[in-house]
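The shown structure was predicted, so the numbers you read here are calculated from the model rather than taken from an experiment.
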Amino acid sequence: PATPPDASASMRNDLPGAGEHTDYGSVTLLLLEEGDEGSLEVRTRAGDWQRVPYQSDTLLVNVGDLLQQWTNYTATSTPHRVSSVRGKRDRYSIAYFFHPNDHTLIEPIPQFGSGHSSSSSSSSSSS
């Protein structure tokens with residue numbers, strides 16, 4: 001069950017963050033707050049989880065699934081997760097998700113080729 005907004009900080013610290021996922025859009029811009037160390041983790045190409053360290057005056061740019069498609073996998077979507085760091089203060093994130101118009105055709109930009117050969121086709125076929 002969801003925890004009500006007025007729940008104590010100790011109850012909120014027991015809640016999980018966001019499980020492993022990639023972002024749907026083209027890019028996500030994220031400002032981390034000092035003290036966020038360990039709450040955001042990215043999966044490396046080797047499959048290991050790495051914490052994203054806080055750096056002052058830094059804007060984190062996360063490649064999303066659409067940019068991966070548009071660049072024919074030249075830029076790859078970043079698997080990541082957010083965990084609740086026990087004993088820390090409340091966590092607030094400022095994120096901006098950039099998505100195209102709903103009618104935008106999603107296919108590789110010509111400069112990047114015509115399709116990713118090692119991925120399965122995401123287009124549907126009619127019977």
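The CG atom of Leu67 lies 10.0 Å from the CZ atom of Phe98; values are rounded to the nearest 0.5 Å. For the atom pair NE2 (His80) and CH2 (Trp49), the distance works out to 8.5 Å, reported to the nearest 0.5 Å. Distance OG1/Thr22 to CG/Leu66: 10.0 Å, rounded to 0.5 Å. Between the CD1 atom of Ile106 and the CD atom of Gln69 there is a distance of 8.5 Å, given to the nearest 0.5 Å.
Between His99 and Phe97, the angle of the ring planes stays under 30°, which puts this pair in the parallel group of the 30/60° scheme.
Without hydrogens or angle criteria, Thr58 side chain to Gln55 main chain gives a donor-acceptor distance under 3.5 Å.
Side-chain contact between Val42 and Val52 is present, with at least one heavy-atom pair separated by less than 4.5 Å. Taking the side chain as every heavy atom from C-beta outward, Trp70 and Pro100 approach each other to under 4.5 Å.
The number of heavy atoms from other shown groups lying within 6.0 Å of CG (Asn101) is above 12.
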Item to check | From CA spacing to verdict: side-chain contact (heavy atoms from CB on, under 4.5 Å), Asn62, Asp23 | outcome: CA-CA 8 Å; Asn62 189 23; Asp23 293 338; 3.1 Å; yes

Checklist entry - What do the steps show when you test Ile109 against Asn72 for side-chain contact (heavy atoms from CB on, under 4.5 Å), and what is the final call? => result CA-CA 8 Å; Ile109 298 169; Asn72 198 24; over 6 Å; no

Checklist entry - Does the pair Val61 and Leu29 meet the rule for a side-chain contact (heavy atoms from CB on, under 4.5 Å), with working shown? => result CA-CA 5 Å; Val61 179; Leu29 305 178; 3.8 Å; yes

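One finds a salt bridge joining Arg81 and Glu41 here, because a Lys/Arg side-chain nitrogen approaches an Asp/Glu carboxylate oxygen to under 4.0 Å.
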